[in-house]
Amino acid sequence: MSILLTGGAGFIGSHTAVELISAGYDIVIVDNFSNSSKEVLNRLKVITGKKIHFYNGSILDKVFLNNVFYENDIEAVIHFAAYKAVGESVEQPLKYYSNNLTGTLVLLEVMRNHHVNHIVFSSSATVYGMDNISPLTENLKTSATNPYGYTKVMIEQILTDVAFANKEMSVTNLRYFNPIGAHESGLIGEAPNGTPNNLVPYISQVAIGKLKELSIFGNDYDTPDGTGVRDYIHVVDLAKGHVAALKNNLKNTGSAVFNLGTGHGYSVLELVKTFEEVNHVSVPFVIKDRRAGDIATCYADSSKAKEVLDWTAEKTLQDMMRDSWRWQSKNPNGYQS
Ligand code: UD1
C-alpha cells in the first residue's frame, strides 16, 4: 500500500515525503514540475536512502492519473498540487480556479473510480480571511480576499461535501500557517521562481546579496513593534503534522479540519533580527507602505491538533532562521546550482 503525494516535489510535499518514508510509509509522487525541480527527487534519495517512485504528469490529465492508480495500490492521497501565488491569482483568476479546482475534481473522480477513500488536503490559514481575531480556531467562519484563497475555501467545502455523501470517505483539511525553514541537511528547501513574494525567502536572498534590501510592508500596525505578526512554522514540523494527520485520517471516516501552526506570533522585525543574530549576516531593510490584503496579526490556536493528532510544532524561531539560511547559502540558485 502506498501514499500518493500530488505535488510531492514542492516545498511542503518534499519535506512530507521525507517524514513519511522515515515513518515507514511507501510513497508515490505525482508532479508536473510546474513550480518545482526534478533535482528534488535526487535530493530525496540522498536524504532517505530510497529511490523515489514518481510520475511526471498533471493531475488535470485524467487518463494519466487513472494509470497511476492502476499501477499502484494507493491507500490515501495527500493533495499538495496547486498554484499558490496570491498576486498572480488576482491577475489571472481563471488560471487559479481552473487548475486548483479542476485538479482536485479530477483527483476525486479518479479516487472514487479506484475506491480510494482517504485524502489529506493542503489548505491554508488564508481561509480565515481578514475579519477573524487571532488566535484562530478551526470553527471560525471561512472567507478569502483573493482567488488563491477562494480556491482553498472552495476545495475544503467540496471535500467536506464529498465526505458527507460517501460515508466511507475520510477527509482532513490542514490549514497551514506560514511555513518556513528547510530540512536540516540543507538539501531541500523553498525555491521560489523569480523574486520571492514571501518574507523569509526574500530575507534570505537579501542576506546572500541577490536582492539589495528588504521592504517591510508597514510599521504602523497595531502590534508590539508596528510590523505584521505571523505564526511561522518550521516546514519539518509541518511535514510531521502531515504524518500525524494521515494516521488519524486512516482510522476515521467523515471530515476533519486542523490548524498546523505553532500558536505563537512573531513580527517582521523580530524575524529580521533573529535571522541576523543566528546567522551572523546583515539584512538591510526599508519601511514601505502596507501591502494590500495584509492583516496586522495572524496566529493559530493549535490546541486541536495537539489534542486529537498528538502533534505539536517543536522547532524554535532560531531553528527556522538557521535552517532557512543553510538551505539558501548552500543552494544560492535553488535547485539550479
Ligand atoms: C502569504 C499569503 C497567504 C499564503 C502564504 C503562503 C498574502 C497576502 N498572503 O501569507 O495567502 O497562504 O503567504 O506562505 O500574500 N512582508 C514584508 N516584506 C516582504 C514580504 C512580506 O514586510 O517582502 C511581511 C508581510 O507584510 C507580512 C509578513 O511579512 O506581515 C509575512 O508575509 P508573507 O511571507 O508574504 O506571508 P503572508 O502574507 O502571511
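Start at 1 and go down the list; that is how both ligands and their atoms are numbered. When a residue number appears, it is its place in the shown sequence, counting from 1. The model shown is predicted, which means the values in this text are computed figures rather than measured ones.
Contacts of Val86 with ligand 1, taken as heavy-atom pairs under 4.0 Å, involve the side chain alone. Only side-chain heavy atoms of Tyr148 come within less than 4.0 Å of ligand 1; its backbone N, CA, C and O stay farther off. Contact annotation: for Tyr232 versus ligand 1, heavy atoms closer than 4.0 Å belong to the side chain alone. With a 4.0 Å heavy-atom cut-off, ligand 1 is reached by no atom of Pro196. At a heavy-atom distance under 4.0 Å, only side-chain atoms of Leu214, from C-beta outward, approach ligand 1.
Polar contact check, Tyr202 against ligand 1: no nitrogen or oxygen pair lies under 3.5 Å apart.
Distances below 4.0 Å separate heavy atoms of Ile216 from the following atoms of ligand 1: 22 (O). When each atom of ligand 1 is checked for a heavy atom of Gly228 under 4.0 Å away, the hits are 30 (O). The atoms of ligand 1 that sit less than 4.0 Å from any heavy atom of Asn197 are 20 (C), 35 (O). Which parts of ligand 1 touch Thr126 is read off a 4.0 Å heavy-atom cut-off, strictly below it: atoms 11 (O).
Of the charged side-chain nitrogens involved, none lies within less than 4.0 Å of a carboxylate oxygen, so that Arg326 and Glu184 do not count as a salt-bridged pair. Glu39 has a carboxylate O that lies under 4.0 Å from a charged side-chain N of Arg43, or vice versa, which qualifies the two as a salt bridge.
Classified by interplanar angle (parallel below 30°, tilted 30° to 60°, perpendicular above 60°), the ring pair Phe64/Tyr55 is perpendicular. Aromatic ring pairs are classed by plane angle as parallel below 30°, tilted from 30° to 60° and perpendicular above 60°; the pair Phe33 and Phe54 is perpendicular. Ring orientation note: the planes of Tyr335 and Trp327 are tilted relative to one another, at an angle of 30° to 60°.
If you check each of Val272, Ile203, Asp294, Leu199 against atom 29 (O) of ligand 1, the one with the closest non-hydrogen atom is Leu199. With distances taken over non-hydrogen atoms, the option nearest atom 36 (O) of ligand 1 out of Thr145, Leu211, Asn178 is Asn178.
Ring to ring, His264 and Phe177 are not that close: their centroids are 6.0 angstrom or more apart. A distance of 6.0 Å or more separates the ring centres of His234 and Tyr232. For Tyr96 and Tyr83, the ring centers are positioned less than 6.0 Å apart.
Atom 24 (C) of ligand 1 has as its closest protein heavy atom Val268 CG2, 3.7 Å. Protein heavy atom at the shortest distance from atom 39 (O) of ligand 1 is Arg230 NE, 2.7 Å. Among protein heavy atoms, the minimum distance from atom 12 (O) of ligand 1 is reached at Ser124 OG, 3.1 Å. Annotation: atom 18 (N) of ligand 1 to nearest protein heavy atom, Ser215 O, 2.7 Å. Residue, atom and distance of the protein heavy atom nearest to atom 13 (O) of ligand 1 are Asn198 ND2, 2.9 Å. Closest protein heavy atom to atom 38 (O) of ligand 1: Arg291 NH2, 2.7 Å. Of the protein's non-hydrogen atoms, the one nearest atom 16 (N) of ligand 1 is Phe217 CD1, 3.7 Å.
Judged by a 6.0 Å distance limit and a 45° cone about the ring axis, Arg230 is not positioned over the six-membered ring of Tyr266. Seen from the ring of Tyr221, Arg290 counts as a face-on cation partner, given the 6.0 Å and 45° thresholds.
Here the rule is side chain to side chain donor-acceptor pair (under 3.5 Å) with Tyr128, and of Asn259, Thr137, Thr142 only Asn259 fits it.
Residues satisfying the side-chain contact (heavy atoms from CB on, under 4.5 Å) criterion with Pro135, sequence neighbours excluded, are Tyr299, Asp301.
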